[in-house]
4 protein chains.
Amino acid sequence: MSGTKSGTKREGDSKAGSSPGATRPRRRQARGEARIAQLLDAAADVFSSTGYTAASTNAIAREAGVSPGTLYQFFPNKEAIAIELGDRLLNRWQETYGAAFVLSHIELPLDEMLDAILDPLITFNVENPAFSVLMHGSEIPGVITQEHDTVHATMLTRVESILAGYLTELPAGQVSRIANMAFVIFKTGLDLIMAHEGDERDAYVKELKTILFRYLEPLVGASALPDSACPKSCEA
Amino acid sequence: MSGTKSGTKREGDSKAGSSPGATRPRRRQARGEARIAQLLDAAADVFSSTGYTAASTNAIAREAGVSPGTLYQFFPNKEAIAIELGDRLLNRWQETYGAAFVLSHIELPLDEMLDAILDPLITFNVENPAFSVLMHGSEIPGVITQEHDTVHATMLTRVESILAGYLTELPAGQVSRIANMAFVIFKTGLDLIMAHEGDERDAYVKELKTILFRYLEPLVGASALPDSACPKSCEA
Amino acid sequence: MSGTKSGTKREGDSKAGSSPGATRPRRRQARGEARIAQLLDAAADVFSSTGYTAASTNAIAREAGVSPGTLYQFFPNKEAIAIELGDRLLNRWQETYGAAFVLSHIELPLDEMLDAILDPLITFNVENPAFSVLMHGSEIPGVITQEHDTVHATMLTRVESILAGYLTELPAGQVSRIANMAFVIFKTGLDLIMAHEGDERDAYVKELKTILFRYLEPLVGASALPDSACPKSCEA
Amino acid sequence: MSGTKSGTKREGDSKAGSSPGATRPRRRQARGEARIAQLLDAAADVFSSTGYTAASTNAIAREAGVSPGTLYQFFPNKEAIAIELGDRLLNRWQETYGAAFVLSHIELPLDEMLDAILDPLITFNVENPAFSVLMHGSEIPGVITQEHDTVHATMLTRVESILAGYLTELPAGQVSRIANMAFVIFKTGLDLIMAHEGDERDAYVKELKTILFRYLEPLVGASALPDSACPKSCEA
DNA sequence: GATGAATGAGGATTCATTCAT
DNA sequence: TATGAATGAATCCTCATTCAT
């Protein structure tokens, strides 16, 4: 909840609170924050059930139980909603699982690292399906629509920096490429996972880990991974 | 499966085929056939530059240089365009690279098989970017919109049947899962490939092959792949 | 079949046949006549199942199994089709039941006259549902759209002239009014009749006759109709 | 049955009725309520001048002086407009003439009842020509398009229940048939009335009453109507 | 004559966004 | 703030009609 940027507001309220009398604006802010949360929750629902393009601002407002006008009081346009939602989800992720994670893991062997990263991330996506919608950049592949791609970009960066800790022998360009690949694999794998349930879902999770492990393992460190173990559950 | 015709015409003309290669009804069709091709080309353009959902029939007509009415003379709706375009691309692919391919390859070692399949397929997609748009099913992930998903379904089936020849030890359910995974990996990898050019593109191609090889190789045959070679160009 | 006007043609073929060499044009005419009949049959179908306004020329052409262009080779527009169809149905009616009928009946008592007129007319409408569509003038009531209202006008005139033979004591204006009333009653009654089947239909027929009989009977001749009998089947 | 509300609004506003006559949510509605009235007036105009089918939502919006979008803010489609308009007209009729009417009249002799019912109803239709458009159900006869036929259905029910009070000797099925007949006669008669003006209109009114009286009178009560009088003004 | 292609205006409907209150 | 009204361009699609062959 801290660290929310909400940076897309027109002008008005920005960073009010440094000056005295901060309490009254606070309360207003509070109502506003509630509205924003409401709207973002609605947007998450709508995005995840119809996709970004098909999501209409009217639908979001309706889902949030407010008028379209109210929505535009907080967001200048549809994209800003996606951006803010992405920010919040990113934060929520970091707060929930990420904090501990960003720093460490580098010591972990690849398989454990994959477990440590993928499991919470998958869980988070299952619980916040909008996240996966936003992780996919624009719906038209290959086109980076400078829009709500913060989630995409942030996650990619994260992946890259994590991998950089493992692929120490490789030149930056190649690490970047591998990170891109690993990330898109994760994203589609995730779609497949989320499209299934129960045992089938679990099986897809296992499969995804296997793929990534086998892809990355030979590249790790001095490429010397003698007892190349699969992650926790790598079936023959 | 091959030889799909336009199929979207009303009915009517019929009975004009008493003699083989009847030319009378053809002459009329000529202009129409040309228009259809024109429209499908336009649709391919529009689909690949905006995606299926965002593609408007008016935009397709405009791109084709005809009026909206003309488009609807040949296609009852946007989906029919996608379906027909998919059919044509599928056919074109099969005619160009596929014929020789469907039957054989089973004898090839995995790495050669990947080269043999992926290279032409990537080339084909680069030359026909709409194909990759159609290969991705519906844009909202997890939802199979039985619509224009023929391309998706056909390709997936193909992948499955090819893999079945390699993953002889595995139960059907798992083969299916692996095929799904391999296919989505291919699709996203392809997006990444198409989003780049020149050496970078080549590098991504190599990367994609590596991923698939490493994923599948341990699963092949008796799982006994002693000298696990990468495809042609598997870099350390 | 004689007496067809087909008067809406552009120019061309009109009344060719008076000059020698009539046979060849005849044959052409024959094909043309067949097409026209085909188109009018189709139009009758479409009109009676969707109404005039909703009927599309394309639908008529399709139903006739010809191209739109062909339709317009014979009729300058949709209305002309209705007009010609009306003419033909009017003629068909006259030929079938009407010939004998126009002249006589005046001697018949009202009830018998109603039977003699209504029964064949109802039968004819049941067999040619388009007739009733055309009998109703324009679909927007109260507006006489100089269009295909020939059927309407002709039938009304017919009604008027028949009634004039019975309502000998009344001034013209009133006869006209009564004819109008009787005619619209007939038309709606007919709709009701055609909307039902079997016994229910028969019951509605009886009801319609009753209405008209009771309406007209007091007005007949010297208004001296002592034993005011209902038509054949006037139930208590 | 009475008291039908607008009903076409989303939902939302709600809970604004804790205190009676809450004014807050009303003020917003004021403009909207006015627009709705405006749109319905426009719809009435358009419906009565072109008929329901030919009436376009764009035409209605234009007539109302608003943009198409505004129309759709209040009505989801053309039919909803017809329904709401029908409801309003039905209510208006009931409020104006109907209240006193529904209950009583049963004691009146047939001729007075006809006067008592038809006169106000005709006046109302003359003042609200759209009412007659809606009273006619679907424009293609014989087809009940469950749509905006509330007016049709309601009026028919009314007719039926009134007649049931007079036709006490007849079985239900027959009363229903007679009601149907009487109603369609009224509707067409009304069209004829509305298509004329001044004395001619009055004459048609008289004629319509005569028809209905003569149709129904023999069926009334014990069928014993000795001195069969016409309504107020039954001319020889 | 016949065909089928072509047109373009028009119809219903949606939607991101703005405005008055 | 919040509302809901307002907009108008854009969407998909239809239809009467015309034109080239």
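Residue numbering restarts at 1 for every chain, and letters A, B, ... go by the order of the sequence lines.
Atoms NZ (D:Lys78) and P (E:dG10) sit 16 Å apart, rounded to a whole Å. One atom, CD1 of B:Ile36, and another, C1' of E:dG4, lie 11 Å apart when rounded to the nearest Å. Atom pair B:Phe74:CZ and E:dT7:C1' shows a separation of 12 Å (rounding to whole Å applied). In this structure, C:Ile60 places its CD1 atom 11 Å from P of F:dT17, rounding to the nearest Å. The OH atom of B:Tyr52 sits 11 Å away from the C1' atom of F:dC12 (whole-angstrom rounding). With rounding to whole Å, D:Tyr72 atom OH is found 17 Å from F:dG8 atom P. Distance, A:Arg62 CZ to F:dT3 C1': 15 Å, rounded to whole Å. One atom, CZ of D:Phe75, and another, P of E:dG11, lie 19 Å apart when rounded to the nearest Å.
Distance from the side chain of A:Asn58 is smallest for E:dT17 among the nucleotides F:dC15, F:dT11, E:dT17. When distances are taken from the side chain of B:Gln73 to each of E:dT7, E:dT3, F:dC12, the shortest belongs to E:dT7. Closest to the side chain of B:Arg35, out of E:dA16, F:dT7, E:dA5, is E:dA5.
Base-pairing analysis of DNA chain F finds the following stems of at least three consecutive Watson-Crick or G-U pairs, with both pairing distances under 3.5 Å: E:2-21 with F:2-21.
When each of B:Asn77 and D:Leu71 is assigned the nucleotide of DNA chain F with its nearest heavy atom, D:Leu71 is the one assigned upstream, toward the 5' end. Heavy-atom nearest nucleotides on DNA chain E were determined for A:Gly69 and for D:Ala55, and the one closer to the 5' end corresponds to D:Ala55. Annotation: of the two residues near DNA chain E, A:Pro68 and C:Pro68, the 5′-most nearest-nucleotide partner is C:Pro68.
Smallest separation of non-hydrogen atoms from C:Ala130 and C:Ser48: N-CB, 3.8 Å. Of all the heavy atoms in A:Tyr72 and A:Asn77, the pair that sits closest is CE2-CA, 3.9 Å. The minimum heavy-atom distance linking D:Lys78 with D:Thr57 is given by the pair CB-CG2, 3.9 Å. For the pair C:Ala80 and C:Pro76, the tightest heavy-atom approach, listed with the atom from each and the gap, is CB-CD, 3.4 Å. In this structure, B:Leu85 and B:Phe47 approach most closely via the heavy-atom pair CD2-CD1, 3.7 Å.
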Between D:Ile36 and D:Phe75, does the side-chain contact (heavy atoms from CB on, under 4.5 Å) criterion hold? Intermediate values first, please.
CA-CA 9 Å; D:Ile36 288 177; D:Phe75 301 100; 3.9 Å; yes

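At a threshold of 4.0 angstrom between heavy atoms, the contacts of A:Ser56 are confined to the sugar-phosphate backbone, with no base atom among them.
Of the side-chain N and O atoms in A:Ser67, none sit less than 4.0 angstrom from OP1 or OP2 of F:dA2. For B:Thr70, a side-chain nitrogen or oxygen approaches OP1 or OP2 of E:dT7 to under 4.0 Å.
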For residues 37-46 of chain A, dump all side-chain donor-acceptor pairs below 3.5 Å to protein atoms at least two apart in sequence or in another chain.
none

